[in-house]
Amino acid sequence: MTAAAPMTNLLNLTRSELEAFVVDALKQPRFRADQLWHWLWRRGARDISEMTNLSKDLKGKLAECAVIGLPAVDVVRTSRDGTIKLLLRLADGERVETVLIPMGEHYTQCLSTQVGCAMACTFCSTGELGFTRNMTMGEILGQVLVGRAHLAQVGLGALKNVVFMGMGEPLMNLTELLRALATLGNVEGLSIASRRSTVSSVGIPHSLKILGDSGLAVPAISLHAPTQELREKLMPKAARVPLDELLACLDAYPLKQRERVTYEYIMLGGVNDSIQHAKQLVRLLGQRRCKVNLIGYNPPPPEIAPNPPYRAPDPAAVLAFQEYLRSKRITTFLRRSMGQDIAAACGQLKLLEG
Ligand code: SF4
């Protein structure tokens, strides 16, 4: 007896791959790919049977060899500030988290790209999980489909922006990330333009070069320390790339008009939040075309970490730090930590309900 051929997850196919699948494997005319694409990415179909304008014959053929492999929503938690965290189960039972963050009338979705993470940054709950596997394009974008559907179901605002800032280091999953970014921007589908997609990374030069050449997203670099020495303590794996090499790579990043590289700086109480550190950061970033996002560290809830390794910064220290950077003409924003009470804030994603 021969083993059954594996089912194709339609969400794993880029626009051109879907067309090849429809024409070559299903022996259907090209326009059927347009219809399928519309059902998958515009209408958010959950089952092939919903695709009412496809012939019965085609739906039958599809049902024999393909599925719409959406992640299952296991748990939904809503923060007092309106942030929503979805705990998702993938087809093989692995679980990841995605977060919907209210931004005025609209939402920004924080997406995971890996199950766990290999980078082991010392302040990050995800890093403690270790690395399990990369997510596929269909799994990465499946988060957007279920996130969008959840917002519509509960009558909230539309999803406008995405940030690849959830579980995992996106540039360690570069192939699937690039496929996901290209699909996100497809105007017949999700239509989330490159200026609305931010890829957050610790900074991997050769992958940043490829991302830059693709023109598909702007990077936000997890800097978190103003010196190589301190970065080695906070992010030992990421700091294997020396800071001067990383910054040289970012200086060469092809930016469109009005785009800037963002540097993320998580403020850890008593560790990297003094004026001395602010001065070092000014020396490092100097005249670069950039902006800095300051994020106050969120100690994980006690059920995750009874003895967190760091403490939250003193609010006065954060303000003084920001003021100093601004006085030196570095555009600096204070990012409000959202979803702290449901462990959805930066560095807190750790499969709490798992
Ligand atoms: S901060 Fe990002 S790169 Fe570092 S361990 Fe956490 S998820 Fe991984």
Side-chain angles (χ1 to χ4, degrees), residues 85-88 90 94-99 101 108-135 139-140 143 162-174 176-177 180 197-208 211 217 219-225 228 230-241 243 246 249-250 261-268 271-272 292-301 304-305 308-310 312-313 335 337-340 343-352 354:
K85 182 168 77 167
L86 306 178
L87 175 64
L88 305 178
L90 307 176
E94 292 295 348
R95 306 216 288 180
V96 293
E97 291 178 336
T98 184
V99 182
I101 306 156
T108 292
Q109 187 170 12
C110 180
L111 301 172
S112 294
T113 50
Q114 298 183 309
V115 180
C117 184
M119 298 309 289
C121 302
T122 57
F123 47 79
C124 175
S125 298
T126 307
E128 287 172 24
L129 295 170
F131 173 73
T132 301
R133 69 168 175 84
N134 280 331
M135 291 169 69
E139 289 171 337
I140 295 169
Q143 298 171 90
V162 295
V163 291
F164 292 82
M165 222 176 257
M167 304 175 91
E169 164 51 56
L171 295 189
M172 296 287 272
N173 187 11
L174 186 63
E176 294 303 298
L177 173 75
S197 305
T198 303
V199 172
S200 173
S201 170
V202 298
I204 301 167
H206 67 274
S207 301
L208 278 169
L211 182 68
I221 298 301
S222 301
L223 186 64
H224 305 322
Q228 174 66 17
L230 184 54
R231 202 164 188 254
E232 280 170 12
K233 285 190 186 130
L234 303 181
M235 314 166 70
K237 291 198 180 169
R240 286 175 191 162
V241 176
L243 262 185
L246 177 58
C249 160
L250 291 162
V261 172
T262 299
Y263 291 93
E264 307 279 356
Y265 193 99
I266 193 160
M267 300 198 67
L268 307 165
V271 174
N272 66 352
V292 173
N293 278 343
L294 301 176
I295 311 146
Y297 172 69
N298 312 292
I304 287 189
Y310 301 106
R335 277 227 334 250
S337 256
M338 304 288 281
Q340 236 169 311
C346 286
Q348 289 189 335
L349 299 186
K350 203 193 172 183
L351 308 176
L352 186 56

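All ligand and atom numbering here is 1-based and tracks the order in the structure.
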Note: ligand 1 atoms sitting under 4.0 Å from heavy atoms of V202 are 3 (S)

Checklist entry - Would you say the side-chain atoms of Y310 and T122 include a donor-acceptor pair closer than 3.5 Å? => result yes

| Does any donor atom in the side chain of Q109 or T98 lie under 3.5 Å from an acceptor atom in the other side chain? | yes

- [ ] Ignoring hydrogens and angles, state whether a donor on the side chain of E169 or S201 is under 3.5 Å from an acceptor on the partner side chain.
- [x] yes

Within the 4.0 Å heavy-atom cut-off, what C121 brings close to ligand 1 is both

ask   = Does E232 pair with K237 as a salt bridge, N-O distance under 4.0 Å?
value = no

One finds that the ligand 1 atoms under 4.0 Å from a non-hydrogen atom of G127 are 5 (S)

Checking heavy atoms under 4.0 Å, the part of A238 that sits near ligand 1 is neither

Answer yes if the side chains of Q114 and N134 hold a donor-acceptor pair under 3.5 Å, and no otherwise.
-> yes

One finds that the ligand 1 atoms under 4.0 Å from a non-hydrogen atom of G168 are 7 (S)

Is the distance between the ring centroids of H224 and Y263 under 6.0 Å? no

Counting backbone and side chain alike, does C124 bring an N/O/S atom below 2.8 Å of atom 4 (Fe) of ligand 1? no

Within 4.0 Å of some non-hydrogen atom of A120, the atoms of ligand 1 are 5 (S)

